[in-house]
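Here the structure is laid out as structure tokens; the discussion comes afterwards.
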2 protein chains.
Amino acid sequence: MGNRERIIETTLRLMNELGAEAVGTNRIAAETGVSPGNLYYHFGNREEIVRALFDALEHEFRDVLQRDTERPLAPQRIAAFYLRTFDLAWRYRFFFSGTLGLLRRDPVLAGRYQALQSWAIAELDSIATGIAEDGNLAHPRGAEGIASLALNTWLIWSNWIGFLQISGIAEIRRADMTAGINQLFDVIAPYLVPPFEAAIRRAITDEWAP
Amino acid sequence: MGNRERIIETTLRLMNELGAEAVGTNRIAAETGVSPGNLYYHFGNREEIVRALFDALEHEFRDVLQRDTERPLAPQRIAAFYLRTFDLAWRYRFFFSGTLGLLRRDPVLAGRYQALQSWAIAELDSIATGIAEDGNLAHPRGAEGIASLALNTWLIWSNWIGFLQISGIAEIRRADMTAGINQLFDVIAPYLVPPFEAAIRRAITDEWAP
DNA sequence: ACCGGACTAGAGTTTTTACTCTAGACGACT
DNA sequence: AGTCGTCTAGAGTAAAAACTCTAGTCCGGT
């Protein structure tokens with residue numbers, strides 16, 4: 001593996017441990033075992049490294065959220081959404097605490113993030129609409145209610161990891177993951193048709209089993 | 001008004017505009033119109049200024065959340081909760097974006113914040129329990145369901161302002177405030193008895209009117 | 001053998017930041 | 001008048017951070 005990749009990996013590790021703003025290029029270089037000059041050969045500046053990490057995050061996220069959303073939407077599919085997106089958020093957790101700080105330092109990144117966020121919320125909306133059309137979402141109070149559902153899902157998801165970190169949790173455990181998924185699911189759960197809700201909860205539990 | 005208070009005010013303004021990590025003590029002193037030496041006469045270090053701001057935030061927040069919670073809980077009371085806490089979060093918005101960054105730099109503050117957070121979630125839980133005991137919360141799925149409700153309320157509330165800022169909103173408008181309150185209310189709304197829900201929505205609209 | 005491009009090292013520069021230190025102004029009380 | 005405590009100014013310091021510059025090394029192709 002080349003130094004470029006090793007620098008990216010080190011940056012991810014350090015920023016996850018210490019927070020993005022506490023990690024400088026000199027430190028990254030030292031911890032990777034390369035010189036600052038070498039780091040700046042591979043990256044024009046510090047933001048470019050963060051952008052490379054965001055690229056990876058965005059790629060994975062889009063892949064999880066948009067892949068094979070065939071109708072009717074199966075409970076297993078929805079359970080997979082929850083599990084994979086939470087795992088993803090944890091692996092790139094440096095991004096979900098201090099997001100605004102990163103975006104303020106890098107307007108280019110800000111634009112990309114806002115685009116991803118808009119896309120994600122719209123995607124969540126269309127997924128919820130799909131569930132409603134399948135007849136599994138009862139009394140959703142029309143399009144407005146679904147939009148609210150989608151936005152709340154985004155808000156809980158994108159801030160759960162930050163909440164854990166603020167609460168002083170340094171290493172995620174299965175229980176924290178489960179709790180987050182339950183929090184997220186409880187946003188939509190009251191609107192779901194009971195058997196469908198039960199099927200999703202079962203699918204989540206099943207996917208946990210090794 | 002003494003320099004101490006003016007420094008605190010300037011810090012709040014600057015941090016709200018630029019983000020906490022972008023505001024240094026020299027800048028604060030310059031913008032307040034005092035010398036760095038003077039600033040350090042009033043505050044031992046940078047964190048102390050932030051702590052003073054947090055003290056004010058905490059004081060106001062506790063006041064809003066715990067004051068006269070007489071039973072049965074009136075819709076007007078609940079509407080007031082929403083309106084005042086959102087206003088509060090906006091006024092101290094520097095704190096709600098980049099919370100973790102602030103807490104990492106100041107372990108003392110981290111402890112205080114975690115205590116406040118725990119207290120708030122417990123308080124929200126007891127408020128929801130009260131509503132249930134009043135007979136206004138239908139099928140809450142027991143204590144666990146209420147706990148989930150309380151936590152989601154906290155998550156949405158404490159992150160709505162950050163969401164607005166990330167989305168590129170620099171100045172809050174009534175519409176953004178309303179949207180946030182609706183998002184927050186939609187967490188608990190599906191569980192409420194319809195007339196009670198309607199009464200709260202009416203109270204929110206009424207309180208908006210001058 | 002040697003040339004060119006990709007890569008690497010590491011000392012150094014510049015800028016910024018938190019914070020210190022000394023000297024003094026101002027007002028109240030004896 | 002004098003003195004003591006509170007407050008203020010502003011030049012200065014020390015550390016850290018992002019980034020640059022020069023001098024290479026390594027290796028495949030001719």
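Keep in mind the model is a prediction, meaning the values are calculated, not measured.
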Please give, in whole Å, the distance from D/dA9 P to B/Tyr41 OH? 13 Å

Can you tell me how far P of C/dA9 sits from CG of A/Asn26, to the nearest Å? 14 Å

Could you state the CD-P distance from A/Glu31 to D/dA17, rounded to the nearest angstrom? 13 Å

Distance check needed: C/dT17 C1' versus B/Asn45 CG, whole Å only. 13 Å

Most 5' of B/Arg105 and B/Asn38 on DNA chain C, judged by nearest nucleotide: B/Arg105

Looking at A/Thr25, I'd like to know whether one of its side-chain N or O atoms comes within less than 4.0 Å of OP1 or OP2 on D/dA18. yes

Nearest heavy-atom pair of B/Arg112 and B/Phe54: which atoms, and what distance? CB-CE2, 3.7 Å

Has the side chain of B/Asn3 got a donor or acceptor that lies under 3.5 Å from a partner of the other kind on the base of D/dC7? no

Would you mind reporting whether A/Asp176 and A/Ile169 have side-chain heavy atoms less than 4.5 Å apart? yes

Between B/Asn16 and B/Arg13, does the side chain to side chain donor-acceptor pair (under 3.5 Å) criterion hold? Intermediate values first, please. CA-CA 5 Å; B/Asn16 276 344; B/Arg13 181 172 57 79; over 6 Å; no

Side-chain contact test, heavy atoms from C-beta onward, threshold under 4.5 Å: evaluate it for A/Leu18 versus B/Arg104 and give yes or no. no

Should B/Ser35 be listed as having a side-chain N or O under 4.0 Å from OP1 or OP2 of D/dA9? yes

Checking C/dT8, C/dC19, D/dA9 against the side chain of A/His42 (C-beta onward), the nearest is C/dT8

Measure from CG on B/Leu39 to P on D/dG12 and round the result to the nearest Å. 20 Å

Base, sugar-phosphate, or nothing for B/Gly24, non-hydrogen atoms under 4.0 angstrom? sugar-phosphate

May I have the distance from B/Tyr40 (atom OH) to C/dA23 (atom P), rounded to whole angstrom? 22 Å

